S.K.: 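Handing you a structure now.
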Amino acid sequence: MNASLTKHAPVVARPPGTERLAPESVRNGEPFTVFYGPGVGDIFVDSTGRIRSLEQSLWRMLRSAGFERIVFSTLQDPVYFRDRASWDRSRRPVSRTPGATDPPGARSMHHVGMRGPLGGMQLLGAAPAAEPARATGTGGAARASGISDPFGVMTLSAHLRSTAHRTAVVFPHADEFLLHNRAPRQLAGALAEWAADGVEGNQWIFVFNRPSLGRVAEFLAQLGHCPQLETFVTERRDEPVRGGTYRIELPQKPELERLVHSVRLRKGLQVDWRDLDRVVRGMAGQPQTARVWRNRLNQLRERERTLDRDSVRQWLGGSVADERTPWERLAAMPGTEQLLRRFDGLRAEVAASVELRARGRASHTEPPSRHLVFTGNPGTGKTTVARLVGEMYRDVGILERGHCVEAKASDLVAGYVGQTALRTDALIDRALDGVLFIDEAYGLSDQRDGFGGQAIEVLLKRMEDDRGRLVVVVAGYPDKMAEFLDANPGLKSRFPETNIVPFPDYGPDILQTTLLNRLEQLGLTIEADTARMLLQIVEGMHRTRDQSFGNVRETRTLADAVHSLWSVRVGMDVERPVSVDDIPESYRRYLPRPARDPGQLLAGLDRYVGLGEVRRQFTTLAQRLRMRQEREARAFDAPHLFFTGPPGTGKTTVARLLGELFCDLGLLRSGHVVEVTRTDLVAGYVGQTAGLVRAAVERALDGVLFIDEAYSLVRDAGGNGGFGPEAVDTLLREMEHWRGRLVVVAAGYPDDMERLLAFNDGLRSRFTVTVRFPAFSLDELEKILSRAAAEDGDVITGAAMERARRWLEAKRSAHPRSFGNAREVRKLLEIMEGGKAARWSAGDKGNELLPKDVPDPEEGWAGGGFPDGTGRPV
């Protein structure tokens, strides 16, 4: 800017203003000042308690900033003034014809460059008042009459070019003016010339009704005919430290307190003075305009209600009625001792920093990151603590307002190109001076190949640009949040590891307390037996929880369900207590089942041959578990077991019965059995084995995971680079994590299983019960063969059975380690059925299995057909 003002602005009395419009905003040395933000269009309460419009408040602020002439322009009134001094300083002398006189009392302003038969053009009507007009209308403001948009732009430029008085040209509705002005070329030219060569100290001032500078830039880009202003705004959006833009905020506590007193004095609002400070502080914590609060205060007055903590609860929630500080409310939450220590440390840290700066021993450096990561399952208090974080950060001076804006990933991400950044910016703008809480934030990284990545980029930029005005808290499941932080390198720098706060699942005692408190809040009394059953249900819910378990939400849901059934049962007789009948049927499955006699539970083993010893071992186990049930009030976990024995001795069959046994005893919820081998658990590539093990465990939750030939998991542990050891390590971690919800049965040869135990010391401490399955005797094998044939309706002759015994004995002698016991019996029976099938085709429909159906044991054949291919034994 080459030209400058020819004289200093005179000293004027500073008009009353508000905190939201600071004179420093226009003392920036820039040719333009752009106002925007949530406070545009709001009302303002000045330091005298008077309620002003934005236009009136701008005038006062510009006067305080030293502007001598303030010119306003809208579509309806291209040139007008709100004060007499600005009007007088805009009048210019006109050369007059000698003897010519104006009509008596006429007030006119003539432009020397616009002459005609009338001797000049009258631009302005009546002189304005010395003070701005009231917000109810334009009052005495002097306004242009009937001039065109091109002439209006020329007039405004002429005022700005003047060096006689420091001048501001204000567009209080810049959106509408720029969109509908009929002289866009002249305006664009004037802005470009002014930016290149204007009068230092004079300014164009634009007020956009847009919540963020990004939205202003978007509007100007779509407008397309103000390139100079568009460039100016875009540069400031990308470099916020540069001057020339100012965000008009929502009202803070001092202004809202003046608003309350204004309505009290002028409208007669009744105020409870004891609650006033708490209520106003709560009002300031909400992202609302003063206009909204004025309407709400007027509603209270019209309803003849007093302004107190109860009357504003509908707008501020229950926290305003709580006498406790946020620190005390956090301390009252169950399981938050670690969190309380963290935030007490924060309070001490901030206080120490303030004291060091006060003593001149510390400089104003960048503050450490205050953004937080909350990891935990649903219902563990993450949202509640996020709200308290805002209040605590406000109390220690980190945040101005401390409100909490709650969102999910879907609130940030749009479905079309270019919209995600706008939605994310808008959400952040609402959260400025408070907390932005993004629950299930991993939804952004899950779709980072779509628009989620764009949302993360915008979030990272705003976290840096608005450092000191924004705290972001992201939350979700622990493993999912780890993936989220890995999705973008910038996330880990904004959310350091020390700022990751775990929210563990609540224990049964805390859940039981929340259940009883909820029932008490609902006004219910409970019979002692019913209360005991409800506590058992909560314990069962906790024991069988998975990743989606809602913690205190689950107990609230249970309490509400009980209340619903109780209401239907008692009707108006509300003095009757909650009884067992009021417990919903769907929750009764969590109650302990009556212990059945072990003989009944194990009766299924009696029909299997050769499992007498196994039957005795399980009888002892079942009796011990039942004794613990009867003696102990608390639940206990079912044990993990080792099944040792050769193949074909019933290990898989018994594992299936074991699931039913533990389910009947109430130790497992479903008792189903998931059968796996090495190929199901060990992958061929790095990083895949742990996932396979976790997937198998998840399928087996509340039941039995049966691992056959378990030793094969570590057969590659001799330094050959296999992944079996990783499978064992992962399995041990999962067994500990899902204690009480998973029974693992590992089966194999006795010697091999002993080597497996020796491979990892953790296995021996996890598998506390070993069940031995001895090899079947020839008599037991004969009985198995006879029963299996009878199930198919066949009869084995004595000679055939004797030949079958020799065949089985020869098989065992030839391959003692790999002999399959009952599996070999089934294989032999299939061979014998093949011989019978040949006779059946020839017309022999008898049900006997004959000696010739049994292969010759001396030949050592173990195939699935006959040696000569004829379909009959040789």
Side-chain angles (χ1 to χ4, degrees), residues 16-21 37-54 56-57 60 134-136 248-329 332 384 387-397 399-406 430-435 521:
T18 69
E19 299 83 354
R20 290 191 279 167
L21 288 172
V40 173
D42 196 12
I43 58 172
F44 296 78
V45 187
D46 66 22
S47 55
T48 67
R50 294 290 298 271
I51 296 178
R52 309 286 186 180
S53 68
L54 172 62
Q56 292 171 323
S57 300
R60 284 168 169 76
R134 297 290 301 273
T136 54
I248 302 179
E249 301 291 351
L250 296 171
Q252 290 285 1
K253 185 174 180 289
E255 186 176 354
L256 290 173
E257 188 168 3
R258 295 195 299 268
L259 175 64
V260 170
H261 289 303
S262 176
V263 179
R264 178 180 66 85
L265 295 173
R266 291 176 171 81
K267 299 296 181 71
L269 174 68
Q270 297 298 312
V271 175
D272 187 330
W273 295 99
R274 296 169 299 180
D275 291 349
L276 180 60
D277 185 69
R278 179 183 298 274
V279 167
V280 174
R281 189 167 64 247
M283 292 166 60
Q286 299 294 315
Q288 295 291 354
T289 63
R291 188 184 301 277
V292 168
W293 284 119
R294 181 180 65 174
N295 292 339
R296 289 174 173 176
L297 294 174
N298 285 330
Q299 289 177 27
L300 294 180
R301 179 190 60 79
E302 292 167 0
R303 298 171 185 169
E304 299 183 351
R305 295 195 61 186
T306 299
L307 178 68
D308 56 22
R309 66 182 68 182
D310 293 324
S311 62
V312 298
R313 187 192 298 263
Q314 57 184 318
W315 302 310
L316 302 181
S319 61
V320 70
D322 200 325
E323 294 282 355
R324 299 171 300 175
T325 67
W327 313 90
E328 293 169 338
R329 276 179 277 156
T384 302
R387 296 166 184 164
L388 293 176
V389 165
E391 294 184 51
M392 289 186 286
Y393 278 8
R394 179 192 63 200
D395 287 353
V396 299
L399 294 173
E400 286 289 333
R401 191 178 302 278
H403 63 291
C404 181
V405 175
E406 301 171 25
R430 286 173 49 204
L432 283 179
D433 299 318
V435 170
Q521 292 168 2

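Hydrogens, waters and symmetry mates play no part in the numbers below; they use all other heavy atoms, side chains included. The shown structure was predicted, so the numbers you read here are calculated from the model rather than taken from an experiment.
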S.K.: Checking Met392 against Asp395 for the side chain to side chain contact (heavy atoms under 4.5 Å, CB included) test, could you report, in this order, the C-alpha distance in whole Å, the side-chain angles of both residues, the deciding distance, and whether it holds?
M.R.: CA-CA 5 Å; Met392 289 186 286; Asp395 287 353; 5.6 Å; no
S.K.: With a 4.5 Å cut-off on side-chain heavy atoms, are Pro287 and Arg430 touching?
M.R.: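 No, every pair of side-chain atoms sits at 4.5 Å or beyond.
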S.K.: Of the non-hydrogen atoms in Arg52 and Ser57, which two are nearest, and what is the gap between them?
M.R.: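 Closest heavy-atom pair between Arg52 and Ser57: CB-OG, 3.5 Å.
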S.K.: Donor-acceptor pair, distance only, cut-off 3.5 Å: does the side chain of Asp275 make one with the backbone of Val279?
M.R.: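 Between the backbone of Val279 and the side chain of Asp275 there is no qualifying donor-acceptor contact (under 3.5 Å).
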S.K.: To the nearest 0.5 angstrom, please state how far the CG atom of Leu276 sits from the CZ atom of Arg309.
M.R.: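 Answer for the CG-CZ pair, Leu276 versus Arg309, is 12.0 Å.
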S.K.: Checking Arg401 side chain against Arg394 main chain: does a donor-acceptor pair fall under 3.5 Å?
M.R.: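 No, Arg401 side chain to Arg394 backbone: no donor-acceptor pair under 3.5 Å.
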S.K.: Only distances under 3.5 Å count here; give the side-chain donor-acceptor pairs of residues 261-268 to other protein atoms, sequence neighbours excluded, each with its distance to 0.1 Å.
M.R.:
unit_1, atom_1, unit_2, atom_2, d
His261, ND1, Arg264, NE, 3.2
His261, ND1, Arg264, NH2, 3.3
Ser262, OG, Gly49, O, 3.4
Ser262, OG, Arg266, NH1, 3.3
Arg266, NH1, Gly49, O, 3.4

S.K.: Within a radius of less than 6.0 Å around CD of Gln314, do more than 12 heavy atoms belonging to other residues, nucleotides or ligands occur?
M.R.: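 Count over threshold, so yes.
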S.K.: Could you pull out the closest heavy-atom pair between Val280 and Val260, with the gap in Å?
M.R.: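 Looking at all heavy atoms of both residues, the shortest contact is CG2-CG2, 4.3 Å.
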S.K.: Ion pair present between Asp310 and Arg313, side-chain N to carboxylate O less than 4.0 angstrom?
M.R.: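 Result for this pair is yes, salt bridge flagged.
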S.K.: Heavy-atom distance under 4.5 Å between the side chains of Val292 and Trp315, does that happen here?
M.R.: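 SC-SC contact between Val292 and Trp315 ruled out.
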S.K.: So does Glu249 get a backbone contact from the side chain of Arg20, meaning a donor-acceptor N/O pair under 3.5 Å?
M.R.: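 Yes; judged by distance alone, with no hydrogens or angles, the pair exists.
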S.K.: Quick one: are Val45 and Pro251 in side-chain contact, heavy atoms under 4.5 Å?
M.R.: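 Val45 vs Pro251: side chains apart.
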S.K.: Contact between Leu399 and Asp433 at the side-chain level, heavy atoms closer than 4.5 Å - yes or no?
M.R.: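 Result no, sub-4.5 Å side-chain heavy-atom pair not found.
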S.K.: Where do Ile43 and Glu255 come nearest, in terms of heavy atoms and distance?
M.R.: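 Distance-wise, the nearest heavy atoms are O-OE2, 4.0 Å.
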S.K.: Which pair of heavy atoms, one from Ala332 and one from Arg324, lies closest together, and at what distance?
M.R.: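 Taking Ala332 first and Arg324 second, the nearest heavy atoms are CB-NH1, 3.3 Å.
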S.K.: Kindly write out the residues that satisfy salt bridge (charged side-chain N to carboxylate O under 4.0 Å, His left out) with Arg274, not counting sequence neighbours, or none if the list is empty.
M.R.: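 Testing Arg274 for salt bridge (charged side-chain N to carboxylate O under 4.0 Å, His left out), a comparison that skips the adjacent residues, returns Asp272.
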S.K.: Quick one: CH2 on Trp273 to CG on Leu307, what's the gap to the nearest 0.5 Å?
M.R.: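 It is 10.0 Å, given to the nearest 0.5 Å.
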S.K.: Roughly how far, to the nearest 0.5 Å, is the CG atom of Leu250 from the CE atom of Met283?
M.R.: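 Here the rounded value is 12.0 Å.
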S.K.: Would you say the side-chain atoms of Asp42 pair up with the backbone N or O of Ala290, donor to acceptor, closer than 3.5 Å?
M.R.: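 The answer is yes, because a donor-acceptor pair under 3.5 Å joins these two groups.
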S.K.: Is there a donor-acceptor pair under 3.5 Å between the side chain of Glu328 and the backbone N or O of Thr325?
M.R.: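 Present.
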S.K.: Looking only at non-hydrogen atoms, find the nearest pair between Gly282 and Leu316 and report the distance.
M.R.: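 Gly282 and Leu316 have their closest heavy atoms at O-CD2, 3.4 Å.
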S.K.: Applying side-chain hydrogen bond (donor to acceptor under 3.5 Å, both in side chains), which residue pairs with at least one partner in residues 285-294 are found, sequence neighbours left out?
M.R.: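 Output for this query is empty, none listed.
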S.K.: Is Lys253 salt-bridged to Asp277, going by a charged N under 4.0 Å from an acidic O?
M.R.: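 Yes, charged N to carboxylate O under 4.0 Å.
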S.K.: If you draw a 6.0 Å radius around CD in Gln270, do more than 12 non-hydrogen atoms from other residues or ligands fall strictly inside?
M.R.: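 Not buried by this count: 12 neighbours or fewer within 6.0 Å.
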S.K.: Mind listing the closest non-hydrogen atom pair of Leu269 and Leu297 along with its distance?
M.R.: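 Nearest heavy atoms, Leu269 then Leu297: CD1-O, 3.8 Å.
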